[in-house]
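These notes concern the structure reproduced below.
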Amino acid sequence: MTQVRGRAGPVWGDDTGAAGGAGQACPAADISIVVPCYNERANVRPLVAALYQALAGRAWEVIFVDDSSPDGTIDEVRAMAERDGRVRGLLRVGRRGLSSAVIEGVLSSSARIVAVMDGDMQHDESCLGRLIDAVAHDGYDIAVGSRHVAGGDNAGLANGWRTFLSDSGIRLVQMILPVRLGDPMSGFFAMRRDLFERTVPRLSGTGFKILLDVFLSAPQRPRVLEVPFVFRPRAAGESKLDILVLMQFVAMLADKICRGFLPTRFIAFSLVGLVGILVNLAVLDIGRRFGADFTTGQWLGTLVAMVTNFWMNNALTYRDRRLRGGRMWLGLGLFMIICSAGAVADVGIARAIFSRDGEWRLAGAAGAAIAVVWNYAVSSTLIWRVR
Ligand code: GDD
Ligand code: MN
């Protein structure tokens, strides 16, 4: 990682090495604007110019965090930093990611307040002053630039598909948020740096949603103010949001929802169980097509699901204590014996439901579900010996 610090000419002048001299050499910034950027070369200069206008009279600096953009964004930042002490560049090598870029940018700051904004001019810099004042003077921990409160607008979202994704994501997120927020997906905010620093150890740090990550990880419930702004269309360059970013978003939410609440192993086992139910149903269906009666079909489905469940759990759920060779076969044997009891219940329940209302899918699934619960409870302790 390389840091670039701009020189401000004579301001740095008196560098005689006298103790205490450094403090007088250059006034420190109260506010660091952290700007994650990837291929934003054309936007660097306009953004700095916009900041000068918007933050006139304040002691600010801007930290561009660039992940070695192929378009040479950092060169543009460096060119400016050479002449302007307010401009800093943080170059990351072999890394990618908006959230982690923001985290490292904030950690490189010593200012009392940090603000985060995009490097593509989509965030309205004229709103920055209000965000900063809310934290600096009005006692808020975090101030969020919001596209979803009165006066705000979403006009800059690329198309209808993105608007739909964004709206559904927001609704999903609002269900688990500790605070009321119109636009929890915003990437435009100001906050107390010390609070951010205390939050860092608990951050997921993946994907695009650093603000959401902060809210879900903060050690205390933050006092929040939302300030409306108009999300502008991109002037230059292109969006980096893609399917991978969406997957990271889902992974971050799962991580946040489940941590300290449901053990990861239980979630994995349940997912395997779900696949087991599908396997069971598929085999039952095939069996019936070949003329097997319901009971035979369900026995067959149960057996096949038992083997595939064992294999999947051994490979995924209990990956860290995976059984191999002889112990694996022994484990499979034990698994089948344990599950046989569950299977008896499985087929019994499935038959009861089937004979009552003839719903073979419901019957098969209910039977398999009972077997999965049994499998989890017993095999976890006896086969993979999880304490
Ligand atoms: N360092 C770094 N590394 N910066 C990145 C990376 C990365 O991997 N990916 C994106 N960025 C930078 C972009 O260069 C831009 O300055 C900013 O992060 C936002 O990226 P865009 O690709 O322009 O995002 P967007 O316009 O689709 O998303 C915006 O809207 C979201 C809400 O819908 C952003 O404001 C998000 O923060 C916001 O959550
Ligand atoms: Mn953008």
Side-chain angles (χ1 to χ4, degrees), residues 1-2 33-48 50-51 62-74 76-77 88-108 115-125 127-128 131 144-148 152-173 181-190 205-215 229-246 248-249 252-253:
M1 207 183 302
T2 324
I33 316 292
V34 174
V35 180
C37 48
Y38 192 78
N39 284 344
E40 304 288 2
R41 189 184 179 110
N43 290 315
V44 171
R45 253 165 225 280
L47 181 61
V48 174
L51 289 177
V62 57
I63 304 167
F64 290 93
V65 188
D66 173 57
D67 292 350
S68 305
S69 301
D71 78 346
T73 301
I74 196 70
E76 192 71 2
V77 174
R88 288 174 53 198
L90 180 58
L91 175 63
R92 305 200 304 167
V93 178
R95 317 268 309 274
R96 271 301 303 274
L98 198 164
S99 283
S100 61
V102 167
I103 292 171
E104 285 170 37
V106 173
L107 289 178
S108 83
V116 176
M117 77 188 289
D118 288 354
D120 57 3
M121 305 293 290
Q122 287 197 270
H123 290 159
D124 182 0
E125 65 287 339
C127 176
L128 259 179
L131 295 179
V144 179
S146 175
R147 304 159 297 169
H148 289 269
D153 191 2
N154 220 354
L157 275 189
N159 54 41
W161 171 235
R162 281 222 39 197
T163 309
F164 168 77
L165 274 183
S166 170
D167 288 350
S168 331
I170 287 172
R171 234 159 276 143
L172 186 77
V173 157
L181 253 193
D183 191 6
M185 316 290 256
S186 175
F188 188 26
F189 60 96
T206 58
F208 257 41
K209 301 301 164 195
I210 180 64
L211 178 67
L212 180 63
D213 203 350
V214 165
F215 276 118
F229 80 100
V230 178
F231 191 63
R232 293 190 291 232
R234 229 177 208 281
E238 53 192 42
S239 171
K240 282 90 202 172
L241 189 115
D242 57 14
I243 186 70
L244 194 76
V245 168
L246 287 179
Q248 285 176 324
F249 174 64
M252 188 196 82
L253 283 190

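Given the structure is predicted, the values throughout are model-derived calculations rather than measurements. All ligand and atom numbering here is 1-based and tracks the order in the structure. Values reported hereafter were calculated over all heavy atoms of this structure, with side chains retained and with hydrogens, waters and symmetry mates removed.
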- prompt: Any N/O/S atom of Ser239 sitting less than 2.8 Å from the Mn ion (ligand 2), backbone or side chain?
  reply: no
query: Is Tyr38 close to ligand 1, meaning an N/O of one under 3.5 Å from an N/O of the other?
result: yes
- prompt: How close do Ser99 and Ile210 get, heavy atom to heavy atom, and via which atoms?
  reply: OG-N, 3.4 Å
message: Side chains of Asn43 and Arg234, heavy atoms from C-beta outward: is any pair under 4.5 Å?
response: yes
message: Which atom name does Asp120 have for its N/O/S atom nearest to the Mn ion (ligand 2)?
response: OD2
- request: Indicate if the distance from the Mn ion (ligand 2) to the nearest N, O or S atom of Asp118 falls below 2.8 Å.
  value: no
- request: Please state whether Arg95 comes within less than 4.0 angstrom of ligand 1, counting heavy atoms only.
  value: no
- request: Grab the two heavy atoms, one from Leu131 and one from Val144, that are nearest each other, plus how far apart they are.
  value: CD2-C, 3.7 Å
Sidechain-backbone polar pair: Arg88 side chain, Ser108 backbone, donor-acceptor under 3.5 Å: yes
- prompt: Side-chain contact, heavy-atom cut-off 4.5 Å: Pro184 with Leu211?
  reply: no
message: For Cys37 versus Thr73, what's the shortest heavy-atom pair and its separation?
response: SG-CG2, 3.9 Å
query: Is there a side-chain contact between Tyr38 and Leu98 (heavy atoms, below 4.5 Å)?
result: no
task: Indicate yes or no for a side-chain donor-acceptor contact from Asp118 to the backbone of His123 under 3.5 Å, with no hydrogens or angles considered.
output: no
query: His123 heavy atoms, cut-off 4.0 Å: which ligand 1 atoms fall inside?
result: 35 (O)
- request: Select one of side chain, backbone, both or neither to describe which atoms of Val65 lie under 4.0 Å from any atom of ligand 1, heavy atoms only.
  value: backbone
message: So does Gly97 get a backbone contact from the side chain of Asp67, meaning a donor-acceptor N/O pair under 3.5 Å?
response: yes
query: Between Leu47 and Met117, is any pair of side-chain heavy atoms under 4.5 Å apart?
result: yes
- request: Under 4.0 Å, heavy atoms only, figure out whether ligand 1 is touched by the backbone of Arg147, its side chain, both or neither.
  value: side chain
query: Does Pro70 reach the side chain of Asn39, with side-chain heavy atoms less than 4.5 Å apart?
result: yes
field: Heavy-atom proximity to atom 19 (C) of ligand 1, best of Asp120, Asp118, Asn43
entry: Asp118
query: Taking only heavy atoms of Asp67, which atoms of ligand 1 are found under 4.0 Å from at least one of them?
result: 1 (N), 2 (C), 3 (N), 7 (C), 8 (O)
message: Between Arg41 (side chain only) and Glu76 (backbone N and O only), is there a donor and an acceptor less than 3.5 Å apart?
response: no
field: Sub-4.0 Å atoms of ligand 1 with respect to non-hydrogen atoms of Ser239
entry: 22 (O), 25 (P), 27 (O)
message: Show the atoms of ligand 1 that are less than 4.0 angstrom away from any heavy atom in Gly187.
response: 37 (O), 38 (C), 39 (O)
query: Which is closest to atom 39 (O) of ligand 1 by heavy-atom distance: Lys209, Glu104, Arg96?
result: Lys209
field: Which segment of Met185 sits under 4.0 Å of ligand 1 when only heavy atoms are counted
entry: backbone
- request: May I ask whether Arg92 has any heavy atom positioned less than 4.0 angstrom from an atom of ligand 1?
  value: no
message: Can you name the atoms of ligand 1, numbered from 1 with element, that are less than 4.0 Å from a heavy atom of Gly119?
response: 15 (C), 16 (O)
query: Can an N or O of Ala101 be found at a distance shorter than 3.5 Å from an N or O of ligand 1?
result: no
- prompt: When you look for heavy atoms under 4.0 Å from ligand 1, do you find them on the side chain of Phe231, its backbone, both, or neither?
  reply: side chain
task: Check Pro36 against ligand 1 and report side chain, backbone, both or neither, counting heavy atoms closer than 4.0 Å.
output: both
